[in-house]
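The block underneath contains the structure these notes are about, expressed in structure tokens.
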Amino acid sequence: MLAGDDHAFRLLVEQNKVYLFRIVFSVLKNEKEAEDALQEVFLKIYDSLPQYENQGFKTWISRIAVNHAIDRRRKELR
């Protein structure tokens, strides 16, 4: 993925979309909001790949998803 292999990123999305959707949905409690947020999460993951330091990939993407969902939730409540 770091070398720009789009197919590798598509595989990442396919393999993790249900898992990450559940995480985002558990925070937002709204299916439409969670679907929108999930798209943003995958963009953040893609943009953040150069900073990944080979320490638990699933944990790393989970943290991105949780943090993004919490940020969206906070904006909703304002």
Could you list the donor-acceptor pairs under 3.5 angstrom formed by side chains in residues 53-64, with sequence neighbours left out?
from, atom 1, to, atom 2, distance (Å)
S62, OG, Y19, OH, 2.7
S62, OG, K58, O, 2.7
R63, NH2, N67, OD1, 3.1

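- Partners of E76 according to the side chain to side chain donor-acceptor pair (under 3.5 Å) rule, which considers only residues two or more places apart in sequence or in another chain, are R73.
- For K17, the salt bridge (Lys or Arg N to Asp or Glu O under 4.0 Å) test picks out E14, with sequence neighbours left out.
- Cluster membership check: V13 does not share its hydrophobic cluster with L11, using side-chain heavy-atom separations under 4.5 Å among Ile, Leu, Val, Met, Phe, Trp and Tyr.
- A distance of 5.5 Å separates OH in Y46 from CG in D6, rounded to the nearest 0.5 Å.
- Residues passing the side chain to side chain contact (heavy atoms under 4.5 Å, CB included) test with I70, sequence neighbours excluded: V27, V66, R74.
- Side chain of S26 to backbone of I23: a donor-acceptor contact under 3.5 angstrom is found.
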Please tabulate, for side-chain N and O atoms in residues 33-42, each donor-acceptor pair with protein atoms closer than 3.5 Å (sequence neighbours left out).
from, atom 1, to, atom 2, distance (Å)
E33, OE1, R72, NH2, 2.7
D36, OD1, K32, NZ, 3.2
E40, OE1, H68, NE2, 2.6
E40, OE1, R72, NH1, 2.8
E40, OE2, R72, NH1, 3.1

